[in-house]
Amino acid sequence: MNSTKKIGIWMDYSKAHIMEFSERPHEIAIIESKFETKLHSKEKEKGEKYLHFLAKQCKEDYFNKIANIILNYKKVLLFGPTNAKVELFNMLSEDQRFFKIKTYLKESGRLTLNQRNRFIRQHFSSPVYK
């Protein structure tokens with residue numbers, strides 16, 4: 001089990017950057033959605049129904065990979081420019097394995113690594129979120 005117990009996850013629908021909170025937050029993983037790589041021209045020809053199925057399947061796989069990492073922490077900050085963080089939060093809220101994990105949602109734009117580190121540090125350094 002990790003000693004810091006806090007992580008920040010900057011995410012959109014294609015990629016999640018997972019960073020531990022410590023004296024200097026650092027990236028521990030990047031998880032990518034497989035939807036774009038699975039979306040080849042032949043698959044486009046299979047029709048809209050198939051594309052919706054593929055998108056749903058890829059999103060569930062993507063969110064499950066992130067969720068498996070979250071299980072090792074006590075506090076999680078989900079942030080990013082899209083609603084992906086909200087969808088992940090809703091999925092976690094329905095699973096009792098995550099009930100004791102404090103999860104925060106914050107809106108942010110597209111950020112560089114340094115900006116993400118600063119965002120996480122500011123969030124968890126605030127007396128409200130300690």
> Would you name the heavy atoms of Phe99 and Ser93 that are closest together and state the gap between them?
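Result for this residue pair: CE2-O, 3.3 Å.
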> Do you reckon Ile31 sits in the same ILVMFWY cluster as Phe98, going by side-chain contacts under 4.5 Å, direct or chained?
yes
> Show the nearest heavy-atom pair for residues Ile7 and Ile9, with the distance to one decimal.
CD1-CD1, 3.8 Å
> Once you round to the nearest 0.5 Å, how far does NZ of Lys75 lie from CD1 of Ile101?
12.5 Å
> Kindly work out whether a path of hydrophobic side-chain contacts (I/L/V/M/F/W/Y, heavy atoms less than 4.5 Å apart) joins Met11 to Leu71.
yes
> Quick check on side-chain contact (heavy atoms from CB on, under 4.5 Å): which of Glu60, Lys65, Lys59 does Phe63 satisfy it with?
Lys59
> Does His123 form a side-chain contact (heavy atoms from CB on, under 4.5 Å) with Ile120? I'd like the steps, not just the answer.
CA-CA 5 Å; His123 173 80; Ile120 293 166; 5.8 Å; no
> Do the non-hydrogen side-chain atoms of Glu107 and Lys85 ever get within less than 4.5 Å of each other?
yes
> Do you know the tightest heavy-atom contact between Ser108 and Phe79?
OG-CD1, 3.5 Å
> Give the intermediate values and the outcome of side-chain contact (heavy atoms from CB on, under 4.5 Å) for residues Glu20 and Tyr73.
CA-CA 9 Å; Glu20 284 186 336; Tyr73 295 86; 2.9 Å; yes
> Roughly how far, to the nearest 0.5 Å, is the CG atom of Leu78 from the NZ atom of Lys106?
12.0 Å
> Less than 3.5 Å apart, any donor N or O on the side chain of Asp12 or Ser14 sitting next to an acceptor on the other?
yes
> Quick one: pull up CZ in Arg118 and CZ in Arg116 and give me the separation to the nearest 0.5 Å.
12.0 Å
> Counting only N and O atoms by type, is there a donor-acceptor contact under 3.5 Å from the side chain of Trp10 to the main-chain atoms of Pro81?
no
> Going only through I, L, V, M, F, W and Y residues with side-chain contacts under 4.5 Å, is there a path from Leu105 to Ile18?
yes
> Are any of the side-chain heavy atoms of Lys6 and Leu77 separated by less than 4.5 Å?
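No, too far: nothing below the 4.5 Å cut-off.
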> Once rounded to the nearest 0.5 Å, what's the spacing between atom NE2 of His17 and atom OG1 of Thr112?
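The NE2 atom of His17 sits 10.5 Å away from the OG1 atom of Thr112.
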> I'd like to check the ring-ring contact (aromatic ring centres under 6.0 Å, His included) partners of Tyr62; sequence neighbours left out, ordered by chain and number.
none
> With under 30° as parallel and over 60° as perpendicular, where do the rings of Phe124 and Phe21 fit, or are they tilted in between?
tilted
> Using 0.5 Å steps for rounding, measure from the CG atom of Asn64 to the CG atom of Leu88.
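CG of Leu88 is found 9.0 Å from CG of Asn64.
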> Apply side-chain contact (heavy atoms from CB on, under 4.5 Å) to the pair Thr103 and Ile70, showing each step before the final yes or no.
CA-CA 10 Å; Thr103 306; Ile70 289 172; 5.5 Å; no
> Starting from the C-alpha separation in whole Å, work towards a yes-or-no answer on side-chain contact (heavy atoms from CB on, under 4.5 Å) for Leu92 and Val76.
CA-CA 11 Å; Leu92 300 175; Val76 178; 6.0 Å; no
